[in-house]
There are 2 protein chains.
Amino acid sequence: MSTTLTGTDTSDRILDIAEHLVQTRGFNAFSYADIAIALKVTKASLHYHFPTKAKLGERLVDRYQSTFLAALASIDRSSDNAALRLKAYMAIYSDVLEDERMCLCGMLAADYVTLPEPVKDRVQYFFETNEIWLTTVLLQGQAQDQISFTGSADERARFIVSALEGAMLLARSHEDTNRFRMVATRLLADFGIGE
Amino acid sequence: MSTTLTGTDTSDRILDIAEHLVQTRGFNAFSYADIAIALKVTKASLHYHFPTKAKLGERLVDRYQSTFLAALASIDRSSDNAALRLKAYMAIYSDVLEDERMCLCGMLAADYVTLPEPVKDRVQYFFETNEIWLTTVLLQGQAQDQISFTGSADERARFIVSALEGAMLLARSHEDTNRFRMVATRLLADFGIGE
DNA sequence: GTCTATAGGTGGATAGAC
DNA sequence: GTCTATCCACCTATAGAC
């Protein structure tokens with residue numbers, strides 16, 4: 001039962017640094033050397049924890065995915081109102097952007113064709129998870145008259161993810177987080193959700 | 001007056017290949033070697049036309065920008081109806097995606113922090129141009145009762161660009177162009193534009 | 001688990017012949 | 001304008017000592 005509880009062992013710290021690098025620079029624009037310098041170890045040491053960059057990528061998305069799922073579960077627990085849940089969902093994106101990062105999987109979506117196959121699969125899975133959660137929130141909110149929209153919830157969920165990911169991309173390259181907020185606000189307004 | 005009229009000299013062919021590589025792989029995931037192989041010349045030859053990768057990047061965006069501006073001018077000439085203009089605008093994106101490419105500047109937006117400064121500036125300018133054109137179309141369409149929307153045209157223009165760029169990113173990584181079409185259709189529907 | 005040392009490859013870029 | 005040859009920095013990855 002000697003399970004590590006600290007959560008800040010070397011593997012985790014490597015993932016923290018790599019995650020930040022991918023979220024800012026992309027999968028093809030960071031190296032083991034970058035991580036080694038940030039962590040003050042040698043490149044060789046990193047290979048003990050993550051034998052290849054492909055494996056590192058897999059673990060990176062796996063961790064991001066489970067953190068994201070935990071955040072969604074937390075939202076579900078904190079409120080049963082669809083409007084509030086949508087706002088909280090968008091706040092996750094907003095917080096990432098405020099930290100001058102892109103969504104990890106949004107970034108990997110841009111690098112998509114160059115990614116190792118197992119990473120590709122995980123990126124797709126991440127977005128599917130997002131869309132399923134959003135679809136559920138939308139349907140429930142519609143049934144309880146908390147929000148209103150026309151068309152399928154599924155299509156709306158995909159629309160939201162597209163708009164948010166695109167807004168992050170544009171906001172970051174214009175160094176203007178306001179661009180993101182405006183898009184989020186409009187998305188909410190379309191569901192009859194005000195400030 | 002010996003201006004080249006062919007438009008398919010070596011420089012142009014290099015740009016064609018580089019453009020395709022950036023639109024599929026990104027700025028940091030292609031090399032002079034990739035272009036050299038595709039063009040069947042040596043890497044050294046490429047440096048005669050484009051001394052550095054940074055310069056190549058600049059010329060790439062410059063050409064993309066002017067092609068895009070020409071396309072927008074063509075749209076303006078072909079119709080004075082805002083609904084049709086918006087549809088034509090989205091068709092540009094759709095065509096790029098159908099060719100299994102991302103928008104060049106959408107891709108560069110993801111690579112943004114790693115780009116040479118002159119390329120960054122050009123990417124920003126590209127999006128500003130898009131937004132200005134869209135704003136004009138929206139305002140004119142609203143004035144002539146061809147389309148309807150609430151809020152500022154400026155904000156709407158940014159929303160459109162964000163949603164389309166995000167939709168391209170997601171559609172490509174899901175190898176499903178339908179994802180893009182659904183987003184485009186919804187955007188149009190929100191302006192009261194049907195099929 | 002981290003180190004030194006190194007392999008084998010590729011990156012962008014240059015010199016100088018043709 | 002394109003070539004051969006080459007430079008040097010950097011890349012991912014491995015072997016083996018500590």
Side-chain angles (χ1 to χ4, degrees), chain A residues 2-22 24-61 107-108 111 113-120, chain B residues 2-22 24-61 107-108 111 113-120:
Chain A
S2 62
T3 313
T4 304
L5 289 174
T6 62
T8 45
D9 60 7
T10 307
S11 293
D12 285 332
R13 269 178 289 156
I14 292 170
L15 288 174
D16 288 342
I17 295 162
E19 186 178 79
H20 186 251
L21 286 166
V22 175
T24 49
R25 305 177 56 87
F27 194 73
N28 299 304
F30 87 96
S31 70
Y32 271 50
D34 295 326
I35 304 173
I37 291 165
L39 195 58
K40 288 172 194 158
V41 292
T42 59
K43 289 187 287 169
S45 303
L46 303 175
H47 284 279
Y48 169 80
H49 300 279
F50 303 96
T52 66
K53 199 179 179 184
K55 280 284 168 199
L56 173 59
E58 290 178 38
R59 294 269 304 271
L60 218 43
V61 186
M107 207 65 176
L108 293 176
D111 296 326
V113 304
T114 70
L115 298 177
E117 218 60 46
V119 181
K120 281 185 183 174
Chain B
S2 61
T3 313
T4 305
L5 290 173
T6 61
T8 47
D9 60 6
T10 307
S11 293
D12 284 333
R13 271 179 287 156
I14 292 169
L15 288 174
D16 288 342
I17 295 163
E19 185 178 78
H20 185 252
L21 285 166
V22 174
T24 49
R25 306 178 55 89
F27 194 74
N28 299 304
F30 88 95
S31 69
Y32 272 50
D34 294 327
I35 303 173
I37 290 166
L39 195 59
K40 288 173 193 157
V41 293
T42 58
K43 287 190 293 168
S45 303
L46 303 175
H47 284 279
Y48 169 80
H49 300 278
F50 303 96
T52 65
K53 200 180 179 184
K55 280 284 169 202
L56 174 58
E58 290 178 37
R59 294 270 303 270
L60 218 42
V61 185
M107 208 64 175
L108 293 176
D111 295 325
V113 304
T114 70
L115 298 177
E117 218 60 44
V119 181
K120 281 185 182 174

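All chains are named by letter (A, B, ...) in the order of the sequence lines, taking the proteins before the strands, and each is independently numbered beginning at 1. Quick note: numbers below take in every heavy atom, side chains included, and nothing from hydrogens, waters or symmetry partners.
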Could you say whether B:Pro51 or A:Lys40 is positioned toward the 5' end of DNA chain C, judged by the nucleotide with the nearest heavy atom to each?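 Taking each residue's closest nucleotide, the earlier one in sequence belongs to A:Lys40.
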Find the distance [X]:[atom1] to [N]:[atom2] and express it as a whole number of Å.
{"X": "B:Ile37", "N": "D:dT2", "atom1": "CD1", "atom2": "C1'", "value": "17 Å"}
{"X": "B:Leu21", "N": "C:dG11", "atom1": "CG", "atom2": "P", "value": "11 Å"}
{"X": "B:Arg13", "N": "D:dG1", "atom1": "CZ", "atom2": "C1'", "value": "12 Å"}
{"X": "B:Phe50", "N": "C:dT14", "atom1": "CZ", "atom2": "P", "value": "15 Å"}
{"X": "B:Lys55", "N": "C:dT14", "atom1": "NZ", "atom2": "C1'", "value": "18 Å"}

Please determine whether a side-chain nitrogen or oxygen atom of [X] lies at a distance below 4.0 Å from atom OP1 or OP2 of [N].
{"X": "B:Thr42", "N": "D:dC3", "result": "yes"}
{"X": "A:Ser45", "N": "C:dG1", "result": "no"}
{"X": "A:Ser31", "N": "D:dC10", "result": "no"}
{"X": "A:Tyr48", "N": "C:dG1", "result": "yes"}
{"X": "A:His49", "N": "C:dT2", "result": "yes"}

Mind checking whether [X] and [Y] have side chains closer than 4.5 Å, heavy atoms only?
{"X": "A:Phe30", "Y": "A:Lys53", "answer": "yes"}
{"X": "A:Leu39", "Y": "A:Leu46", "answer": "yes"}
{"X": "B:Thr114", "Y": "A:Thr24", "answer": "no"}
{"X": "A:Val41", "Y": "A:Ile14", "answer": "no"}

5' priority, DNA chain D, between B:Lys43 and B:Thr10 [closest heavy atom]: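 On the 5' side of the pair lies B:Thr10.
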From the set C:dA15, D:dT12, D:dC11, return the single nucleotide nearest to any side-chain atom of A:Ala33.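 The answer is D:dC11, which lies nearest to the side chain.
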Are the side chain of B:Tyr32 and the backbone N or O of B:Thr52 linked by a donor-acceptor pair below 3.5 Å?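 Flag set: sc B:Tyr32 to bb B:Thr52 pair under 3.5 Å.
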Remember a base hit wins even if backbone is also touched, and classify B:Phe30 as base, sugar-phosphate or nothing at under 4.0 Å, heavy atoms.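 It contacts sugar-phosphate atoms only.
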